[in-house]
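These notes concern the structure reproduced below.
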Amino acid sequence: MGRRVDYARELNPAQLEAVRTLFGPILVIAGAGSGKTRTLVYRVARLVEEGVPPERILLLTFTRKAAREMLRRAAMVLDASCERVAGGTFHSLAHQMLRKYGHLIGYGPNFTVLDRGDAEDAINLLRSALGLSEKGRRFPKKDTLLALFSKAVNQGRTLEEILEREYPHFLEHLPEIERLFGEYQRYKREHQLMDYDDLLLNWYRVLLEHRWVREEMARRFEFIMVDEYQDTNRLQAEIVRLMAEGHGNVMVVGDDSQSIYAFRGANFRNILEFPKLFPGARIIKLEENYRSTQPILDLANAVIARAREKYTKCLFTRRKGGRKPVLYRARDEADQSRFVAERILELREEGVPLSEIAVLFRAAFHSFDLELELAKRDIPFVKYGGLKLIEAAHIKDVVAHLRIVLNPYDLLSWHRVLLLLEGVGPRTAEKIIAHLRTAPDPVEVLRQFPARPSYEKGLLRLAEILKEIRELSSVEERLARLIDYYQPLLERVYHDDYPKRERDLESLLTLSHKYRDLSDFLADLALEPPESSVAGLEPETEDEEHLVLSTIHSAKGLEWHTVFVISLSEGRFPSAYAVRDEEDLEEERRLFYVAVTRARENLFLCHPVTGYVPGEGRVILKPSRFLEELSPELYEPFREVPEETREEVSPREGVLRPGDVVWHPRFGEGEVRDVLGEEKVRVYFLGHGEKTLHLRFARLERL
DNA sequence: GTTTACGCATCCCCG
DNA sequence: ATGCGTAAAC
């Protein structure tokens with residue numbers, strides 16, 4: 001068995017209490033950087049050390065990557081058996097369970113998971129079928145409809161309630177919207193499709209309606225832990241309650257101040273209501289911060305102090321010193337990009353690895369300008385958030401074929417696949433599908449369909465490839481064969497830019513390599529979409545140093561030595577969509593809080609004072625209200641050194657000697673203390689202390 | 001009657 | 001860069 005772990009030495013008293021309390025419901029309120037992950041990791045280790053079989057522990061996290069990471073750490077603390085702990089997201093667990101128990105509610109094991117785009121396509125199809133898309137009507141669009149349906153499911157409200165509260169202007173269409181909702185539900189059921197919400201809802205139903213399943217669950221998972229509980233919703237809370245009915249051993253961990261997923265139905269009041277749902281719950285607060293310097297925490301505390309509703313807590317640290325956050329007022333976006341790039345190069349001179357720096361922003365497109373600047377300067381980066389690989393049209397095309405192989409009644413995928421054929425439009429596709437839906441072998445129907453000469457060949461080729469793929473077994477082989485077939489279609493449909501898209505197909509093929517089961521591959525693509533590969537200078541190998549660009553949402557739970565938050569202008573952050581509704585605005589504030597608490601040592605806040613707004617052209621942007629609210633002592637403005645005073649000291653020409661006085665763009669005046677070989681010097685700067693600088697990167701001027 | 005090409009507006013965050 | 005509506009082409 002594992003080695004003894006000295007919990008008392010590794011953890012502070014509050015963390016220790018959370019780790020040592022094994023039975024009953026527990027709510028851990030964990031401030032940013034308070035060692036939340038550490039606490040979960042040690043608790044897993046503790047449970048296993050106490051003799052609980054690892055497979056009887058369930059760890060629900062926000063992403064599957066987070067679960068894997070935690071279990072890896074637990075394995076390092078105790079022993080490898082910790083990796084056998086069941087871990088994943090609510091959705092991945094639901095998927096897994098529904099493949100096993102779905103027959104109880106009329107689903108086979110090979111149902112198809114619809115991602116957002118698929119769900120929207122389905123709604124659009126039904127909307128036209130019901131004649132609700134004639135022009136001139138102000139009927140909601142597919143994305144609004146899906147959001148509406150999703151909120152109803154996740155919040156357990158009626159469509160009418162949702163409309164009244166959030167979309168009163170669509171109330172007149174209530175009967176049609178309800179009808180469409182019913183049609184959508186029926187359509188999915190009939191064709192073995194589930195969207196993200198169905199995964200949760202159906203799993204909940206199975207649990208609710210079948211006591212024996214609940215009992216089996218309670219036996220299978222004796223201890224349940226839920227991370228990021230502030231971002232769960234009512235339905236997820238109910239699922240946890242039912243799964244834990246037999247024993248009540250549930251620990252949830254979260255921070256109400258970091259709840260940023262309300263748009264997805266999450267409700268931070270969930271965490272406030274946990275004690276009601278689980279009577280007798282023990283509440284433990286983690287308030288000591290181990291991540292950031294005090295000046296950063298001061299700013300973070302000031303941001304969240306203005307939040308209206310929260311568990312009161314105040315972050316503190318025992319760390320001494322640290323620089324105040326820096327505020328940079330940029331002329332425009334280009335100036336902001338230049339500023340960020342220059343600071344990054346300086347940090348690299350100081351020896352901060354690129355991988356310890358992140359640039360965060362509200363929306364994925366806020367970094368477009370910066371991405372160009374970084375590419376120009378050869379600074380490698382990866383971008384998280386924004387478009388996913390699976391959302392690209394050409395990837396969806398290929399995936400649709402694979403889905404058909406697995407679930408021949410996935411009419412949505414048939415629709416997409418048929419439209420790719422030359423000479424086939426929506427009308428013909430519908431006709432073919434009408435023949436398919438009742439047939440015992442849909443692929444055979446393709447051959448017999450009375451096709452017009454213009455697309456007959458295409459249809460036959462499709463039938464052939466589907467049959468061929470059905471008979472292959474390796475996922476990679478199937479995909480490779482499919483890509484061969486798809487190539488000419490790709491060139492025809494996306495003739496403008498197909499070479500770019502070919503590379504995405506390559507990435508998909510690489511991804512498929514590790515899968516032995518097609519249905520696992522497809523489920524993972526939907527449940528854990530890989531990031532887009534088209535983003536700029538993606539490093540070839542994982543260990544190559546690179547900077548992180550990320551939306552704040554995707555940066556949840558992560559930390560860096562230096563963090564830049566950019567585009568802090570009204571209308572961007574807070575988003576223009578959020579400023580009218582007070583609840584939305586509160587969420588924006590929490591989002592800003594999440595952003596600033598990612599930083600350990602340095603925090604840079606940037607806002608461009610002019611910007612381009614589509615339709616309006618170049619406009620003056622006001623600084624974000626979140627910046628205006630901050631008292632000026634909490635940060636210091638960045639002072640730029642005038643261009644003309646710069647004169648580079650290159651390693652060849654300028655032989656520096658100890659005692660020389662130099663000028664550095666960020667640290668100002670300094671005195672050379674030591675010359676370390678040809679390229680490095682040690683310089684003492686007033687107010688910043690001693691720095692080792694690489695002359696190859698540093699722009700030093702001798703005074 | 002259908003399909004396709006083209007020009008138009010629009011774009012937040014996500015399992 | 002996708003998603004829509006309209007007009008030209010099959």
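Below, read A as the first sequence line, B as the second, and so on, with proteins coming before strands; counting in each chain starts at 1. No hydrogens, no waters, no symmetry mates; every other heavy atom, side chains included, goes into these values.
- Contact annotation for A:Arg427: backbone-only contact, meaning every heavy-atom pair under 4.0 Å involves sugar-phosphate atoms and none involves a base.
- Side chain of A:Arg492, nearest nucleotide from B:dT4, B:dC13, C:dC4: B:dT4.
- For the OP1/OP2 pair of B:dC14 and a distance below 4.0 Å, the side-chain nitrogens and oxygens of A:Thr551 include at least one atom meeting the criterion.
- At a threshold of 4.0 angstrom between heavy atoms, the contacts of A:Glu422 are confined to the sugar-phosphate backbone, with no base atom among them.
- Counting only heavy atoms from C-beta outward, the side chains of A:Glu502 and A:Gln487 approach each other to under 4.5 Å.
- For A:Thr89, whose side chain is taken as the heavy atoms from C-beta onward, the closest listed nucleotide among C:dC4, B:dG15, B:dC14 is B:dG15.
- Among the heavy atoms of the strands, none lies under 4.0 Å from A:Phe90.
- One finds no side-chain N or O of A:Asn233 lying less than 4.0 angstrom from the OP1 or OP2 phosphate oxygen of B:dG15.
- The side chain of A:Lys431 contributes an N or O atom lying less than 4.0 Å from OP1 or OP2 of B:dT2.
- The aromatic ring of A:Tyr577 sits over the base of B:dC12, with ring centres less than 5.5 Å apart and planes inclined by under 30°.
- The nucleotide whose nearest atom lies closest to any side-chain atom of A:Ala363 is, among B:dG15, B:dC13, B:dC14, B:dC13.
- Within the 4.0 angstrom heavy-atom criterion, no nucleotide atom of any strand lies near A:Lys396.
- Side-chain contact between A:Glu373 and A:Val340 is absent, with no heavy atoms from C-beta onward closer than 4.5 Å.
- The residue A:Ala578 sits apart from the nucleic acid: no heavy atom pair falls under 4.0 Å.
- Side chain of A:Glu430 to backbone of A:Arg427: no donor-acceptor contact under 3.5 angstrom is found.
- Here A:Phe365 does not pack flat against the base of B:dC11, since the 5.5 angstrom centre distance and 30 degree tilt limits are not both met.
- Counting any heavy atom pair closer than 4.0 Å across all strands shown, A:Ser554 reaches sugar-phosphate atoms only and no base atom.
- Of the candidates A:His553, A:Arg264, A:Gln258, A:Lys556, A:Asp231 forms a side chain to side chain donor-acceptor pair (under 3.5 Å) with just one, namely A:Lys556.
- A:Arg572 comes within 4.0 angstrom of no nucleic acid atom, judged by non-hydrogen atoms across all strands.
- Side-chain proximity of A:Lys142 to the nucleotides C:dG3, B:dT2, B:dC14 is greatest for C:dG3.
- Of the options A:Leu462, A:Leu418, A:Val424, A:Leu460, a side chain to side chain contact (heavy atoms under 4.5 Å, CB included) to A:Tyr455 is made by A:Val424 and by none of the others.
- Contact annotation for A:Arg501: backbone-only contact, meaning every heavy-atom pair under 4.0 Å involves sugar-phosphate atoms and none involves a base.
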